[in-house]
Amino acid sequence: MAERNTHFKDGQLLPFKLAAATEIEAGNMAALNADGYAVMASDTASIVVAGVADETVDNTSGADGDKIIRVRRKKVFKFKNSSTSAVTQAQVGSNVYVEDSETVASATTNSIVAGVCMGVDTDGVWVEIR
């Protein structure tokens, strides 16, 4: 085998195609649906958190893939803590779950992993999204 010039991305700010009839606002968790298109993160079965939206993109009038959104990952982000299933200090180092696009919880119906809890403050939860 010969050497090859393998292309790469740093993986911290990635473009994803937006799902049809979707708007994602900057600073909210973005996820990928079962078809691989970006949607607003929620406690919905079959989605996977991709990161945090770096910008607001509105594709509410478009088809799947008509618009692109940049999503930031490989960072530690602060989200709201659930009022019904709060993340506690004992969960630092453990997975936390998406309650909605700006809130994480210790447990949810569909157990959509937001990331790993890296700290709990009075005003939110620090979550590492890989």
Side-chain angles (χ1 to χ4, degrees):
M1 291 200 188
E3 289 184 13
R4 69 185 294 269
N5 182 13
T6 304
H7 297 268
F8 67 93
K9 297 177 182 179
D10 70 8
Q12 292 183 8
L13 187 62
L14 295 172
F16 291 101
K17 294 178 180 180
L18 213 58
T22 299
E23 178 179 15
I24 301 177
E25 295 176 337
N28 284 270
M29 275 184 277
L32 302 175
N33 65 19
D35 295 321
Y37 292 100
V39 295
M40 194 89 94
S42 62
D43 185 26
T44 302
S46 301
I47 67 169
V48 176
V49 171
V52 174
D54 204 52
E55 59 192 335
T56 298
V57 179
D58 185 351
N59 194 33
T60 53
S61 300
D64 283 340
D66 278 356
K67 297 215 176 160
I68 302 288
I69 187 162
R70 291 177 301 159
V71 175
R72 191 168 298 279
R73 50 186 294 120
K74 295 187 178 178
K75 303 281 183 196
V76 179
F77 302 93
K78 187 183 252 185
F79 296 106
K80 293 179 183 175
N81 199 351
S82 174
S83 60
T84 57
S85 185
V87 177
T88 66
Q89 182 65 29
Q91 290 165 295
V92 171
S94 300
N95 285 341
V96 292
Y97 303 94
V98 176
E99 183 171 285
D100 60 43
S101 65
E102 59 184 22
T103 308
V104 295
S106 61
T108 58
T109 301
N110 291 296
S111 300
I112 305 302
V113 175
V116 175
C117 176
M118 301 307 287
V120 179
D121 292 342
T122 57
D123 63 342
V125 179
W126 291 97
V127 179
E128 180 182 29
I129 298 179
R130 301 178 197 152

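Quick note: residue numbers are just sequence positions, from 1.
- In this structure the side chain of I24 never reaches within 4.5 angstrom of the side chain of V57, judged on heavy atoms.
- Side-chain contact between T84 and E99: present, with at least one pair of heavy atoms (C-beta onward) separated by less than 4.5 Å.
- For K78 and D123, the salt-bridge test passes: some basic side-chain N is under 4.0 Å from an acidic carboxylate O.
- Atom OH of Y37 is separated from atom CG of N59 by 10.5 Å, given to the nearest 0.5 angstrom.
- Residues C117 and S94 fail the side-chain proximity criterion, which asks for heavy atoms closer than 4.5 Å.
- The side-chain heavy atoms of E128 and F77, taken from C-beta on, include no pair separated by under 4.5 Å.
- E102 places no side-chain N or O within 3.5 Å of a backbone atom of K80 that could act as its donor or acceptor partner.
- One hydrophobic cluster, built from ILVMFWY side chains closer than 4.5 Å, holds both V98 and V120.
- Although no hydrogens or angles enter the test, the distance criterion places no donor-acceptor pair under 3.5 Å between the side chain of S101 and the main chain of M40.
- When hydrophobic clusters are built by joining Ile, Leu, Val, Met, Phe, Trp and Tyr residues whose side-chain heavy atoms come closer than 4.5 Å, directly or via intermediates, V39 is not grouped with V71.
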Using distance only, find each side-chain donor-acceptor pair of residues 12-23 under 3.5 Å and give its atom names and separation, not counting sequence neighbours.
unit_1: Q12; atom_1: OE1; unit_2: K75; atom_2: NZ; d: 3.4
unit_1: T22; atom_1: OG1; unit_2: A19; atom_2: O; d: 3.4
unit_1: T22; atom_1: OG1; unit_2: A20; atom_2: O; d: 2.9

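- The closest donor-acceptor contact from the side chain of D58 to the backbone of T60 lies under 3.5 Å.
- In this structure, the side chain of T108 does not engage the main chain of D43 through any donor-acceptor pair within 3.5 Å.
- Between I129 and V49 there is a side-chain heavy-atom pair separated by less than 4.5 Å.
- If you chain together hydrophobic residues whose side chains sit under 4.5 Å apart, L32 and Y97 never meet in one group.
- N81 places a side-chain N or O within 3.5 Å of a backbone atom of V87 that can act as its donor or acceptor partner.
- T44 OG1 to N33 CG: the interatomic distance, rounded to the nearest 0.5 Å, is 10.0 Å.
- M29 is not listed as a side-chain neighbour of D100, based on a closest heavy-atom distance of 4.5 Å or more.
- At distances below 3.5 Å, not a single donor-acceptor pair connects side-chain atoms of D121 with backbone N or O atoms of G124.
- Using a 4.5 Å heavy-atom cutoff, the side chains of I47 and S42 are in contact.
- Two residues are said to be in side-chain contact when any heavy atoms from C-beta on lie closer than 4.5 Å; V127 and V76 fail this criterion.
- Here the closest non-hydrogen pair linking A45 and I112 is CA-CD1, 4.4 Å.
- Side-chain contact of T103 with S82: a donor-acceptor pair under 3.5 Å is absent, judged by distance alone.
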